[in-house]
Amino acid sequence: MNGNCTTNTDHVGEARRMAMRTIEDWEYLSDEEKHGTLHEIVDQLAKAEAENDERGEP
């Protein structure tokens, strides 16, 4: 592993935490909040994927 792994792990971990909070609060969230949160989760996962691509990892 190299030193960049922490950042990638941080993105994935943050996406996981956001997803869990969203699941727990789903019935209380407005449609706009649901949509925004799902986009934030996708953005975090995209950042992790981009970092994998930069390092040549799958």
Side-chain angles (χ1 to χ4, degrees):
M1 281 191 205
N2 61 35
N4 293 332
C5 185
T6 302
T7 304
N8 191 346
T9 302
D10 290 345
H11 292 310
V12 173
E14 180 60 22
R16 187 184 78 249
R17 285 187 291 278
M18 290 172 66
M20 292 305 296
R21 285 191 306 264
T22 302
I23 289 167
E24 291 170 357
D25 297 338
W26 190 258
E27 65 187 80
Y28 306 109
L29 297 174
S30 69
D31 286 344
E32 185 176 310
E33 290 171 317
K34 290 174 186 176
H35 187 260
T37 302
L38 293 174
H39 276 279
E40 288 180 46
I41 292 168
V42 170
D43 289 345
Q44 289 295 324
L45 294 172
K47 288 176 186 177
E49 186 176 41
E51 289 175 5
N52 283 346
D53 289 346
E54 287 175 10
R55 292 192 302 262
E57 296 176 4

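Computation of the quantities below employed the complete heavy-atom set of this structure, encompassing side-chain atoms and omitting hydrogens, waters and symmetry-equivalent molecules.
- Take Arg16 and apply the side chain to side chain contact (heavy atoms under 4.5 Å, CB included) test, not counting sequence neighbours, and it matches no residue.
- By the side-chain hydrogen bond (donor to acceptor under 3.5 Å, both in side chains) test, Arg17 pairs with Glu14, sequence neighbours left out.
- How far CG of Asn52 is from NZ of Lys47: 14.5 Å, rounded to the nearest 0.5 Å.
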Output a table of donor-acceptor pairs, distance under 3.5 Å, between side-chain atoms of residues 34-46 and any protein atom two or more places apart or on a different chain; print 'none' if there are none.
| from | atom 1 | to | atom 2 | distance (Å) |
| --- | --- | --- | --- | --- |
| His35 | NE2 | His39 | NE2 | 3.1 |
| Thr37 | OG1 | Glu33 | O | 2.8 |
| Gln44 | OE1 | His11 | ND1 | 3.1 |

